[in-house]
Amino acid sequence: MQLVAENLVLERGNRKVANDVSFTLEGGSGLVLTGPNGSGKSTLLRALAGYLRPASGSVRILDVSGSNGGTGESCEVGEVCHFVGHLDGIKSHLTAAENLTFWATYLSDKADSGHSVAHRVYDALEVFALDALADIPAGYMSAGQKRRLGLARLLVAHRPLWLLDEPTVSLDTGSADILVKAINRHLRDGGMAIVATHLPLAIEPARGISLVRKEAQA
Amino acid sequence: MSAFLALLKRDLMLSVRQGGALGTALGFYMLVVTLLPLGLGQDLNLLSRIAPGILWIALLLAALLSLGRVFSSDHEDGTLDVLATGRMPLEMVVGAKALAHWISTGIPLALTAPVLGLMLNLDIAVYPLLMATMLVGTPAVSFIGAVGAALTLRSYRGGLLIALLVLPLYVPTLIFGMAAVNGLLGVSGTSAAMLILAALSLTSVVLCPFAAAAALRVQMQ
(Lines give C-alpha, C1' and ligand atoms only; values in the text may rest on other atoms or scores of the structure.)
Protein backbone atom coordinates (compact mmCIF):
# COMPACT_ATOMS: atom_id res chain seq x y z
CA MET A 1 0.00 0.00 0.00
CA GLN A 2 1.11 3.48 -0.75
CA LEU A 3 -0.42 6.85 0.01
CA VAL A 4 0.28 9.49 -2.62
CA ALA A 5 -0.58 13.13 -2.05
CA GLU A 6 0.09 15.40 -4.99
CA ASN A 7 0.17 19.20 -4.98
CA LEU A 8 -2.47 19.55 -2.30
CA VAL A 9 -3.89 23.03 -1.89
CA LEU A 10 -6.30 23.36 1.02
CA GLU A 11 -8.53 26.28 1.84
CA ARG A 12 -10.54 27.14 4.93
CA GLY A 13 -13.00 30.01 4.48
CA ASN A 14 -11.14 31.41 1.44
CA ARG A 15 -7.89 31.31 3.43
CA LYS A 16 -5.14 29.05 2.15
CA VAL A 17 -3.92 26.81 4.97
CA ALA A 18 -1.74 24.48 2.93
CA ASN A 19 -0.07 25.26 -0.34
CA ASP A 20 1.33 22.64 -2.68
CA VAL A 21 1.87 19.78 -0.22
CA SER A 22 3.18 16.63 -1.90
CA PHE A 23 4.44 13.40 -0.34
CA THR A 24 4.45 9.66 -0.82
CA LEU A 25 4.08 7.34 2.15
CA GLU A 26 5.11 3.71 1.77
CA GLY A 27 3.65 0.84 3.73
CA GLY A 28 5.63 0.33 6.94
CA SER A 29 6.55 3.96 7.45
CA GLY A 30 5.14 6.87 9.41
CA LEU A 31 4.87 10.58 8.88
CA VAL A 32 4.94 13.11 11.70
CA LEU A 33 3.29 16.48 11.10
CA THR A 34 4.52 19.35 13.22
CA GLY A 35 3.89 23.06 13.16
CA PRO A 36 2.39 25.84 15.28
CA ASN A 37 -1.33 26.22 16.01
CA GLY A 38 -3.22 27.16 12.88
CA SER A 39 -0.58 25.86 10.49
CA GLY A 40 -3.01 23.41 8.91
CA LYS A 41 -2.17 20.06 10.53
CA SER A 42 -5.79 19.16 11.29
CA THR A 43 -6.96 20.51 7.96
CA LEU A 44 -4.41 18.37 6.13
CA LEU A 45 -5.48 15.26 8.06
CA ARG A 46 -9.17 15.95 7.37
CA ALA A 47 -8.37 16.39 3.69
CA LEU A 48 -6.43 13.10 3.63
CA ALA A 49 -9.36 11.31 5.28
CA GLY A 50 -11.66 12.74 2.61
CA TYR A 51 -13.83 15.01 4.76
CA LEU A 52 -12.49 18.14 3.13
CA ARG A 53 -12.25 18.49 -0.62
CA PRO A 54 -8.89 19.97 -1.64
CA ALA A 55 -9.00 23.18 -3.70
CA SER A 56 -6.62 21.41 -6.07
CA GLY A 57 -4.37 18.36 -6.05
CA SER A 58 -5.22 14.79 -5.17
CA VAL A 59 -4.85 12.07 -2.53
CA ARG A 60 -4.78 8.43 -3.57
CA ILE A 61 -4.15 5.04 -2.03
CA LEU A 62 -2.33 2.74 -4.40
CA ASP A 63 -2.19 -1.01 -3.96
CA VAL A 64 1.44 -1.80 -4.79
CA SER A 65 1.82 -4.88 -2.58
CA GLY A 66 3.09 -8.22 -3.82
CA SER A 67 5.90 -9.23 -6.13
CA ASN A 68 4.27 -8.06 -9.34
CA GLY A 69 3.74 -4.55 -7.99
CA GLY A 70 0.20 -5.21 -6.83
CA THR A 71 -2.91 -4.37 -8.79
CA GLY A 72 -1.98 -0.70 -9.00
CA GLU A 73 -5.60 0.11 -8.29
CA SER A 74 -6.41 3.16 -6.27
CA CYS A 75 -9.22 3.46 -3.74
CA GLU A 76 -10.81 6.01 -1.45
CA VAL A 77 -8.64 6.85 1.54
CA GLY A 78 -11.71 7.01 3.77
CA GLU A 79 -12.32 3.30 3.26
CA VAL A 80 -8.90 2.19 4.45
CA CYS A 81 -8.12 4.64 7.24
CA HIS A 82 -8.70 5.08 10.94
CA PHE A 83 -9.28 8.73 11.78
CA VAL A 84 -8.77 9.91 15.36
CA GLY A 85 -9.54 13.60 15.65
CA HIS A 86 -9.86 15.99 18.57
CA LEU A 87 -13.08 14.27 19.65
CA ASP A 88 -13.04 10.70 20.87
CA GLY A 89 -16.10 9.29 19.10
CA ILE A 90 -17.31 7.73 22.34
CA LYS A 91 -20.93 7.49 23.51
CA SER A 92 -21.17 8.36 27.20
CA HIS A 93 -24.32 6.24 27.71
CA LEU A 94 -22.59 3.05 26.54
CA THR A 95 -19.97 1.15 28.52
CA ALA A 96 -16.39 0.95 27.32
CA ALA A 97 -16.91 -2.58 26.01
CA GLU A 98 -20.17 -1.64 24.24
CA ASN A 99 -18.51 1.34 22.57
CA LEU A 100 -15.68 -0.81 21.25
CA THR A 101 -17.97 -3.68 20.29
CA PHE A 102 -19.98 -1.28 18.15
CA TRP A 103 -16.86 0.05 16.41
CA ALA A 104 -15.44 -3.45 15.97
CA THR A 105 -18.66 -4.57 14.24
CA TYR A 106 -19.13 -1.36 12.29
CA LEU A 107 -15.56 -1.06 11.03
CA SER A 108 -14.69 -4.73 10.65
CA ASP A 109 -13.02 -5.78 7.48
CA LYS A 110 -12.14 -8.97 5.65
CA ALA A 111 -8.74 -8.92 7.38
CA ASP A 112 -10.48 -9.10 10.78
CA SER A 113 -12.46 -12.27 10.11
CA GLY A 114 -9.84 -14.43 11.88
CA HIS A 115 -10.80 -13.12 15.30
CA SER A 116 -14.21 -12.71 16.85
CA VAL A 117 -15.49 -9.27 17.76
CA ALA A 118 -15.39 -10.03 21.50
CA HIS A 119 -11.80 -11.23 21.21
CA ARG A 120 -10.67 -8.07 19.39
CA VAL A 121 -12.48 -5.84 21.88
CA TYR A 122 -10.92 -7.64 24.84
CA ASP A 123 -7.43 -7.39 23.32
CA ALA A 124 -7.81 -3.68 22.59
CA LEU A 125 -9.08 -2.95 26.11
CA GLU A 126 -6.15 -4.85 27.56
CA VAL A 127 -3.55 -3.04 25.45
CA PHE A 128 -4.80 0.34 26.60
CA ALA A 129 -5.15 -0.86 30.23
CA LEU A 130 -8.94 -0.39 30.19
CA ASP A 131 -9.95 -3.99 30.99
CA ALA A 132 -10.91 -3.04 34.56
CA LEU A 133 -13.23 -0.33 33.21
CA ALA A 134 -14.91 -2.49 30.53
CA ASP A 135 -18.37 -2.36 32.14
CA ILE A 136 -18.34 1.28 33.22
CA PRO A 137 -20.35 3.78 31.17
CA ALA A 138 -17.94 6.00 29.27
CA GLY A 139 -19.64 9.07 30.74
CA TYR A 140 -18.08 8.31 34.12
CA MET A 141 -14.53 8.11 32.74
CA SER A 142 -11.86 10.77 32.98
CA ALA A 143 -10.73 12.67 29.89
CA GLY A 144 -7.59 10.55 29.62
CA GLN A 145 -9.51 7.29 29.98
CA LYS A 146 -11.96 8.39 27.28
CA ARG A 147 -9.04 9.26 25.07
CA ARG A 148 -7.58 5.79 25.55
CA LEU A 149 -10.94 4.28 24.73
CA GLY A 150 -11.08 6.37 21.55
CA LEU A 151 -7.58 5.17 20.63
CA ALA A 152 -8.46 1.54 21.38
CA ARG A 153 -10.68 1.78 18.27
CA LEU A 154 -7.46 1.62 16.23
CA LEU A 155 -6.95 -1.97 17.35
CA VAL A 156 -10.47 -3.45 17.04
CA ALA A 157 -10.55 -3.27 13.24
CA HIS A 158 -7.70 -3.46 10.78
CA ARG A 159 -7.01 -0.39 8.65
CA PRO A 160 -3.75 0.07 6.72
CA LEU A 161 -3.64 3.83 7.33
CA TRP A 162 -3.92 5.59 10.69
CA LEU A 163 -4.60 9.34 10.71
CA LEU A 164 -4.05 10.67 14.23
CA ASP A 165 -4.64 14.30 15.13
CA GLU A 166 -2.77 15.15 18.35
CA PRO A 167 -3.49 11.70 19.83
CA THR A 168 -1.54 12.36 23.04
CA VAL A 169 -3.81 15.17 24.27
CA SER A 170 -4.87 14.43 27.89
CA LEU A 171 -2.83 11.19 27.98
CA ASP A 172 -0.36 10.59 30.82
CA THR A 173 3.20 9.62 29.87
CA GLY A 174 2.59 5.89 30.42
CA SER A 175 -0.44 5.92 28.11
CA ALA A 176 1.48 7.93 25.50
CA ASP A 177 4.13 5.17 25.54
CA ILE A 178 1.43 2.56 24.98
CA LEU A 179 0.18 4.55 22.01
CA VAL A 180 3.66 4.93 20.50
CA LYS A 181 4.22 1.17 20.92
CA ALA A 182 0.90 0.48 19.17
CA ILE A 183 1.83 2.81 16.30
CA ASN A 184 5.28 1.21 15.92
CA ARG A 185 3.78 -2.30 15.92
CA HIS A 186 1.31 -1.16 13.24
CA LEU A 187 4.22 0.15 11.13
CA ARG A 188 6.20 -3.07 11.59
CA ASP A 189 3.18 -4.97 10.27
CA GLY A 190 3.35 -2.91 7.09
CA GLY A 191 0.82 -0.23 8.03
CA MET A 192 1.06 3.51 7.57
CA ALA A 193 0.51 6.26 10.12
CA ILE A 194 0.32 10.03 9.85
CA VAL A 195 0.49 11.73 13.23
CA ALA A 196 0.05 15.43 13.94
CA THR A 197 1.72 16.20 17.24
CA HIS A 198 3.36 18.86 19.39
CA LEU A 199 5.27 16.33 21.48
CA PRO A 200 8.32 14.47 20.22
CA LEU A 201 7.05 10.89 19.80
CA ALA A 202 9.41 7.99 19.22
CA ILE A 203 7.75 6.72 16.06
CA GLU A 204 10.07 4.55 13.95
CA PRO A 205 10.62 4.74 11.04
CA ALA A 206 9.13 8.14 10.42
CA ARG A 207 9.79 11.21 8.36
CA GLY A 208 8.67 14.64 9.42
CA ILE A 209 6.82 17.39 7.64
CA SER A 210 6.84 20.78 9.27
CA LEU A 211 4.01 23.09 8.34
CA VAL A 212 4.25 26.87 8.68
CA ARG A 213 1.41 29.24 9.36
CA LYS A 214 0.34 31.26 6.34
CA GLU A 215 -0.64 34.84 6.89
CA ALA A 216 -4.26 35.66 6.02
CA GLN A 217 -4.63 36.19 2.31
CA ALA A 218 -7.18 38.56 0.89
CA MET B 1 -24.93 -5.28 6.19
CA SER B 2 -23.51 -6.09 9.61
CA ALA B 3 -22.32 -2.47 9.85
CA PHE B 4 -25.87 -1.27 9.04
CA LEU B 5 -27.38 -3.53 11.69
CA ALA B 6 -24.70 -2.57 14.23
CA LEU B 7 -25.49 1.11 13.77
CA LEU B 8 -29.24 0.50 13.93
CA LYS B 9 -28.84 -1.53 17.11
CA ARG B 10 -26.57 1.09 18.69
CA ASP B 11 -29.02 3.93 17.93
CA LEU B 12 -31.94 1.97 19.37
CA MET B 13 -29.88 1.10 22.44
CA LEU B 14 -28.96 4.76 22.91
CA SER B 15 -32.56 5.87 22.56
CA VAL B 16 -33.52 3.44 25.35
CA ARG B 17 -30.57 4.42 27.58
CA GLN B 18 -31.00 8.16 27.10
CA GLY B 19 -34.75 7.89 27.37
CA GLY B 20 -35.38 11.60 27.01
CA ALA B 21 -36.23 11.74 23.32
CA LEU B 22 -39.16 9.34 23.29
CA GLY B 23 -40.51 10.57 26.62
CA THR B 24 -40.47 14.17 25.42
CA ALA B 25 -42.13 13.27 22.12
CA LEU B 26 -44.88 11.20 23.78
CA GLY B 27 -45.46 13.84 26.46
CA PHE B 28 -45.68 16.60 23.89
CA TYR B 29 -48.07 14.50 21.79
CA MET B 30 -50.37 13.93 24.75
CA LEU B 31 -50.28 17.57 25.85
CA VAL B 32 -51.14 18.99 22.45
CA VAL B 33 -54.03 16.56 22.06
CA THR B 34 -55.20 17.34 25.59
CA LEU B 35 -55.07 21.10 25.12
CA LEU B 36 -57.01 21.22 21.87
CA PRO B 37 -60.39 20.01 23.23
CA LEU B 38 -59.99 22.45 26.10
CA GLY B 39 -59.64 25.24 23.56
CA LEU B 40 -62.35 24.01 21.23
CA GLY B 41 -65.12 23.41 23.76
CA GLN B 42 -67.34 20.45 24.52
CA ASP B 43 -68.94 19.88 21.12
CA LEU B 44 -68.38 16.11 20.92
CA ASN B 45 -69.55 15.86 17.31
CA LEU B 46 -67.05 18.51 16.25
CA LEU B 47 -64.26 16.79 18.18
CA SER B 48 -64.87 13.36 16.73
CA ARG B 49 -65.01 14.87 13.23
CA ILE B 50 -61.64 16.65 13.52
CA ALA B 51 -59.94 14.07 15.76
CA PRO B 52 -57.94 12.28 12.99
CA GLY B 53 -56.58 15.62 11.79
CA ILE B 54 -55.61 16.69 15.29
CA LEU B 55 -53.88 13.37 15.95
CA TRP B 56 -51.97 13.50 12.67
CA ILE B 57 -50.80 17.11 13.07
CA ALA B 58 -49.80 16.56 16.71
CA LEU B 59 -47.86 13.46 15.62
CA LEU B 60 -45.90 15.46 13.05
CA LEU B 61 -45.03 18.13 15.63
CA ALA B 62 -44.04 15.56 18.24
CA ALA B 63 -41.82 13.68 15.78
CA LEU B 64 -40.09 16.96 14.88
CA LEU B 65 -38.96 17.45 18.48
CA SER B 66 -36.52 14.56 18.40
CA LEU B 67 -35.32 15.01 14.81
CA GLY B 68 -32.75 17.66 15.75
CA ARG B 69 -30.73 15.07 17.68
CA VAL B 70 -30.56 12.48 14.90
CA PHE B 71 -27.15 13.66 13.67
CA SER B 72 -26.13 16.42 16.08
CA SER B 73 -25.31 14.15 19.03
CA ASP B 74 -23.03 12.07 16.80
CA HIS B 75 -21.50 15.23 15.38
CA GLU B 76 -20.74 16.72 18.79
CA ASP B 77 -18.77 13.75 20.11
CA GLY B 78 -16.89 13.03 16.88
CA THR B 79 -18.74 9.80 16.12
CA LEU B 80 -20.03 11.10 12.79
CA ASP B 81 -16.47 11.55 11.48
CA VAL B 82 -15.69 7.92 12.24
CA LEU B 83 -19.00 6.70 10.81
CA ALA B 84 -18.08 8.46 7.57
CA THR B 85 -14.88 6.43 7.24
CA GLY B 86 -15.21 2.71 6.71
CA ARG B 87 -16.77 0.84 3.86
CA MET B 88 -20.39 1.68 4.45
CA PRO B 89 -21.44 4.70 2.36
CA LEU B 90 -22.76 7.74 4.21
CA GLU B 91 -26.14 7.18 2.53
CA MET B 92 -26.48 3.90 4.43
CA VAL B 93 -25.46 5.61 7.68
CA VAL B 94 -28.32 8.08 7.13
CA GLY B 95 -30.65 5.20 6.31
CA ALA B 96 -29.78 3.32 9.52
CA LYS B 97 -30.18 6.41 11.68
CA ALA B 98 -33.48 7.45 10.08
CA LEU B 99 -34.78 3.90 10.43
CA ALA B 100 -33.79 3.93 14.11
CA HIS B 101 -35.66 7.22 14.51
CA TRP B 102 -38.77 5.69 12.94
CA ILE B 103 -38.64 2.64 15.19
CA SER B 104 -37.93 4.61 18.36
CA THR B 105 -40.29 7.55 17.70
CA GLY B 106 -42.63 6.99 14.75
CA ILE B 107 -43.97 3.61 15.83
CA PRO B 108 -44.56 4.53 19.52
CA LEU B 109 -46.36 7.74 18.48
CA ALA B 110 -48.57 5.84 16.05
CA LEU B 111 -49.41 3.25 18.70
CA THR B 112 -50.33 5.97 21.22
CA ALA B 113 -52.85 7.57 18.87
CA PRO B 114 -55.85 5.36 19.90
CA VAL B 115 -55.36 6.22 23.58
CA LEU B 116 -55.52 9.89 22.71
CA GLY B 117 -58.41 9.25 20.32
CA LEU B 118 -60.51 8.34 23.37
CA MET B 119 -60.15 11.89 24.63
CA LEU B 120 -61.39 13.24 21.31
CA ASN B 121 -64.49 11.00 21.14
CA LEU B 122 -63.08 9.34 18.03
CA ASP B 123 -65.23 6.48 16.72
CA ILE B 124 -63.59 3.21 17.82
CA ALA B 125 -64.12 1.73 14.35
CA VAL B 126 -61.61 4.26 12.98
CA TYR B 127 -58.73 3.26 15.31
CA PRO B 128 -57.23 0.42 13.25
CA LEU B 129 -57.25 2.47 10.07
CA LEU B 130 -55.86 5.56 11.79
CA MET B 131 -53.00 3.53 13.26
CA ALA B 132 -52.37 1.87 9.90
CA THR B 133 -52.11 5.22 8.10
CA MET B 134 -49.72 6.47 10.77
CA LEU B 135 -47.53 3.37 10.60
CA VAL B 136 -47.43 3.60 6.80
CA GLY B 137 -46.90 7.37 6.75
CA THR B 138 -44.34 7.89 9.53
CA PRO B 139 -41.31 6.48 7.63
CA ALA B 140 -41.65 9.53 5.38
CA VAL B 141 -41.69 11.70 8.50
CA SER B 142 -38.39 10.24 9.74
CA PHE B 143 -36.58 10.11 6.39
CA ILE B 144 -37.64 13.59 5.19
CA GLY B 145 -36.82 14.86 8.66
CA ALA B 146 -33.32 13.37 8.38
CA VAL B 147 -32.65 15.69 5.43
CA GLY B 148 -33.67 18.68 7.55
CA ALA B 149 -31.53 17.44 10.45
CA ALA B 150 -28.51 17.04 8.16
CA LEU B 151 -28.97 20.52 6.64
CA THR B 152 -29.18 22.21 10.03
CA LEU B 153 -26.41 20.13 11.65
CA ARG B 154 -24.12 23.00 12.50
CA SER B 155 -26.60 25.85 12.78
CA TYR B 156 -27.33 27.44 16.09
CA ARG B 157 -30.97 26.82 17.13
CA GLY B 158 -31.17 24.20 14.41
CA GLY B 159 -34.32 22.73 15.95
CA LEU B 160 -36.51 25.64 14.94
CA LEU B 161 -34.99 25.77 11.48
CA ILE B 162 -35.77 22.08 10.96
CA ALA B 163 -39.46 22.79 11.56
CA LEU B 164 -39.46 25.52 8.91
CA LEU B 165 -37.62 23.34 6.41
CA VAL B 166 -39.41 20.08 6.99
CA LEU B 167 -43.04 20.83 7.87
CA PRO B 168 -43.92 22.00 4.33
CA LEU B 169 -42.50 18.73 3.01
CA TYR B 170 -44.87 16.80 5.28
CA VAL B 171 -47.92 18.25 3.46
CA PRO B 172 -48.36 15.34 1.01
CA THR B 173 -48.08 12.79 3.83
CA LEU B 174 -50.66 14.68 5.88
CA ILE B 175 -53.07 15.09 2.96
CA PHE B 176 -53.03 11.43 1.97
CA GLY B 177 -52.94 10.22 5.56
CA MET B 178 -56.14 12.16 6.17
CA ALA B 179 -57.64 11.06 2.87
CA ALA B 180 -57.14 7.43 3.84
CA VAL B 181 -58.84 7.93 7.21
CA ASN B 182 -61.69 9.92 5.70
CA GLY B 183 -62.24 7.16 3.17
CA LEU B 184 -63.56 5.02 6.00
CA LEU B 185 -65.68 7.90 7.19
CA GLY B 186 -67.30 7.84 3.75
CA VAL B 187 -65.70 10.67 1.81
CA SER B 188 -63.45 9.03 -0.77
CA GLY B 189 -61.63 5.78 -1.52
CA THR B 190 -59.37 4.55 1.27
CA SER B 191 -57.18 2.12 -0.63
CA ALA B 192 -56.05 4.62 -3.27
CA ALA B 193 -55.00 7.13 -0.60
CA MET B 194 -53.31 4.38 1.41
CA LEU B 195 -51.31 3.29 -1.63
CA ILE B 196 -50.20 6.84 -2.36
CA LEU B 197 -49.22 7.22 1.30
CA ALA B 198 -47.11 4.06 1.05
CA ALA B 199 -45.56 5.35 -2.17
CA LEU B 200 -44.64 8.62 -0.45
CA SER B 201 -42.94 6.71 2.35
CA LEU B 202 -41.07 4.37 0.03
CA THR B 203 -39.94 7.23 -2.21
CA SER B 204 -38.57 9.15 0.75
CA VAL B 205 -36.85 6.04 2.12
CA VAL B 206 -35.04 5.70 -1.21
CA LEU B 207 -34.30 9.34 -2.07
CA CYS B 208 -33.84 11.15 1.25
CA PRO B 209 -30.65 9.31 2.30
CA PHE B 210 -28.89 10.69 -0.78
CA ALA B 211 -29.99 14.26 -0.02
CA ALA B 212 -29.11 13.96 3.67
CA ALA B 213 -25.70 12.39 2.96
CA ALA B 214 -24.87 15.18 0.50
CA ALA B 215 -25.82 17.74 3.16
CA LEU B 216 -23.72 15.94 5.80
CA ARG B 217 -20.65 15.91 3.53
CA VAL B 218 -20.89 19.70 3.17
CA GLN B 219 -21.42 20.17 6.92
CA MET B 220 -18.46 17.96 7.88
CA GLN B 221 -15.86 19.92 5.89
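Within every chain, numbering begins at 1; the chains are lettered A, B, ... in the order of the sequence lines, protein sequences first and strands thereafter.
Contact count versus chain B (heavy atoms, under 4.5 Å) is highest, among A:H86, A:E79, A:R159, for A:E79. Annotation: maximal heavy-atom pairing with chain B below 4.5 Å, among A:L94, A:V77, A:L107, A:V84, occurs at A:L94. The choice from B:D74, B:T79, B:V218, B:L80 that makes the most heavy-atom pairs within less than 4.5 Å of chain A is B:T79. Here B:V82 is the residue among B:V82, B:T85, B:L7, B:L5 with the most heavy-atom pairs under 4.5 Å with chain A.
Side chain of B:Q219 to backbone of B:L151: a donor-acceptor contact under 3.5 angstrom is found. With hydrogens and angles disregarded, no donor-acceptor distance shorter than 3.5 Å links the side chain of B:H101 to the backbone of B:V70.
Within the 4.5 angstrom heavy-atom criterion, only backbone atoms of A:I90 (N, CA, C, O) approach chain B. Only the side chain of B:V93 comes within contact range of chain A, with heavy atoms under 4.5 Å apart. For B:L83, the parts lying near chain A are the backbone and the side chain together; criterion is any non-hydrogen pair under 4.5 Å. At a 4.5 Å heavy-atom cutoff, the contact between A:R53 and chain B is made by backbone and side-chain atoms alike.
With salt bridges taken as basic N to acidic carboxylate O contacts below 4.0 Å, one links A:R46 and B:D81.
To the nearest 0.5 angstrom, B:L195 atom CG is 11.5 Å from B:F176 atom CZ.
By the 30° and 60° cut-offs, the orientation of the rings of A:H82 relative to A:W162 is perpendicular.
Cation-pi geometry between B:R10 and A:F102 is met: under 6.0 angstrom from the ring centre, within 45 degrees of the axis.
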